[in-house]
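Below is one structure, written out as structure tokens; the observations come after it.
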Amino acid sequence: MPSSKTKNVSKHLSKARSLDIPTYKSFRLAKKIKKPYKPLPGSFKLFADTVRFIYKHWRIFGLITITYFLISVLIVRGLNVSIGASDIKIALTELFDGGELLASITLFGLLVGSVNSSVGEAASVYQGIFITIFSLATIWLLRQLWSSTKNIQMRDAFYQGMYPLVPFIFVLFVLGLQMIPIYIASFIAGTVFGAGLAITPLEQILWALLLVLLVMLSLYWLVGSIFALFIATIPKTRPVQALRAASELVRHRRLLILRSLLFLPFALLLVSAMIIFPLIIVSPAIAEWIFLLLSAFLLPASVTYLYGLYRGLL
């Protein structure tokens with residue numbers, strides 16, 4: 001028979017386990033809450049871990065990159081995807097009076113800007129479909145690779161990885177709704193500042209403050225929902241459950257997560273510049289095709305980085 005003291009200790013422990021995690025209340029002063037979460041990995045470490053993981057499984061990532069390149073770049077945009085990098089570089093060099101460095105930097109910027117260019121509206125729709133399909137396939141592959149599953153076939157990623165398509169699309173739809181404040185901010189910026197409606201410095205400051213608040217609102221929502229894309233691929237998980245779980249997952253850590261999310265495009269741009277810029281100086285035509293192949297690799301690389309961040313939150 002357990003003693004009365006043992007019963008009291010057990011009762012106290014069960015009561016302690018049932019305590020809710022403290023939360024902040026709006027418009028009320030409160031002490032800083034000690035976060036009951038493990039620390040997140042730094043952005044540099046997370047990016048380095050992503051690079052090592054991709055290098056370790058370079059065959060499967062190379063295969064999915066080439067497949068996405070052939071389908072998305074060549075089929076959707078057509079074989080005539082070249083912007084004439086060689087001719088553009090010659091024209092830019094003459095424009096800058098022989099300044100090859102400035103011409104190469106400008107050409108790299110043009111290549112970056114041509115990533116999202118498409119033939120028309122139909123091509124944009126197909127591009128979105130292929131991005132969704134390959135994102136789901138990549139997430140399925142990542143789960144198998146992280147669990148050390150052997151004999152992984154890429155075709156299984158497209159056969160078995162498509163089952164959560166409907167929840168995934170629903171979460172994407174919610175993310176699109178959460179970006180509405182950014183679209184409104186873009187419209188206001190083009191209308192107010194483009195048309196010169198804000199004349200005085202005070203007006204410009206107030207309009208700029210409104211734009212910042214709209215962008216921050218979208219970012220706040222997106223940080224709380226982006227990981228629902230991964231949660232929605234878990235079997236028997238409904239979209240609403242995925243969104244709620246993602247919001248709970250980022251509690252008290254939104255700023256740290258936002259820092260890691262914003263670090264990704266800058267890191268990818270820097271790595272792309274380190275690879276493409278020397279090629280532009282040597283052979284712009286080759287650099288253009290290598291850049292197209294590299295742009296196809298950005299999708300699985302980005303999904304891998306976000307998946308690593310998602311696992312770091314668990």
Side-chain angles (χ1 to χ4, degrees), residues 49-79 81 115-176 225-239 241-243 245-246 264 268 289-311 314:
D49 291 341
T50 302
V51 173
R52 284 192 291 267
F53 184 83
I54 293 175
Y55 179 76
K56 180 180 179 180
H57 306 283
W58 64 270
R59 288 186 179 86
I60 192 70
F61 279 100
L63 188 58
I64 197 170
T65 298
I66 293 175
T67 306
Y68 180 69
F69 171 77
L70 293 175
I71 293 178
S72 177
V73 177
L74 298 184
I75 295 179
V76 175
R77 298 176 60 182
L79 295 175
V81 296
V115 171
N116 294 325
S117 63
S118 57
V119 179
E121 294 182 358
S124 299
V125 173
Y126 284 119
Q127 186 78 12
I129 293 174
F130 287 127
I131 288 176
T132 302
I133 292 174
F134 276 85
S135 296
L136 282 170
T138 305
I139 292 173
W140 185 89
L141 286 172
L142 289 172
R143 279 209 168 91
Q144 306 308 311
L145 293 173
W146 237 288
S147 60
S148 301
T149 304
K150 297 181 179 179
N151 300 324
I152 300 174
Q153 300 293 331
M154 199 186 75
R155 65 173 180 268
D156 294 333
F158 294 96
Y159 295 154
Q160 302 181 30
M162 297 300 111
Y163 68 85
L165 180 61
V166 174
F168 192 83
I169 292 178
F170 183 87
V171 174
L172 281 177
F173 177 74
V174 174
L175 292 177
S225 302
I226 190 170
F227 299 106
L229 294 172
F230 299 102
I231 301 174
T233 60
I234 299 175
K236 299 181 180 180
T237 302
R238 296 180 180 181
Q241 293 175 330
L243 290 167
L264 177 60
L268 293 177
W289 283 99
I290 296 297
F291 182 81
L292 289 173
L293 182 60
L294 186 62
S295 64
F297 173 71
L298 294 182
L299 176 63
S302 300
V303 174
T304 304
Y305 178 90
L306 293 176
Y307 188 75
L309 180 58
Y310 162 69
R311 288 182 60 89
L314 298 177

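For the numbers below, each heavy atom of this structure counts, side chains included, while hydrogens, waters and symmetry mates do not.
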Can you tell me how far [atom2] of [Y] sits from [atom1] of [X], rounded to the nearest 0.5 angstrom?
X	Y	atom1	atom2	value
Leu293	Phe69	CG	CZ	5.5 Å
Leu141	Gln160	CG	CD	10.5 Å
Phe170	Leu229	CZ	CG	12.5 Å
Thr65	Leu70	OG1	CG	11.0 Å
Ile71	Ile66	CD1	CD1	12.0 Å
Ile133	Tyr68	CD1	OH	10.5 Å

Does some side-chain heavy atom of [Y] sit less than 4.5 Å from a side-chain heavy atom of [X]?
X	Y	answer
Val303	Phe134	no
Ile152	His57	no
Arg311	Leu306	no
Asp156	Gln153	yes

### Query
What class does the angle between the rings of Tyr310 and Phe227 fall in, given that below 30° is parallel, 30 to 60° is tilted and above 60° is perpendicular?
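Parallel: the ring planes of Tyr310 and Phe227 meet at under 30°.
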### Message
I'd like to know whether the aromatic ring centres of Trp146 and Phe53 sit less than 6.0 Å apart in this structure.
### Response
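Ring centres of Phe53 and Trp146 closer than 6.0 Å.
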### Task
Would you please indicate if the ring centroids of Tyr307 and Phe230 are separated by under 6.0 Å?
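Close enough - the centres of the two rings lie under 6.0 Å apart.
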### Task
Decide if atom OH of Tyr163 counts as having more than 12 heavy atoms of other residues, nucleotides or ligands within a radius under 6.0 Å.
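Buried by this count: over 12 neighbours within 6.0 Å.
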### Task
Kindly write out the residues that satisfy side chain to side chain contact (heavy atoms under 4.5 Å, CB included) with Ile54, not counting sequence neighbours, or none if the list is empty.
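For Ile54, the residues satisfying side chain to side chain contact (heavy atoms under 4.5 Å, CB included) (neighbours in sequence not counted) are Thr50, Phe61, Phe297, Ala301, Thr304.
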### For Phe168, the option from Val171, Leu172, Val166 that meets side chain to side chain contact (heavy atoms under 4.5 Å, CB included)
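Only one option passes, and that is Leu172.
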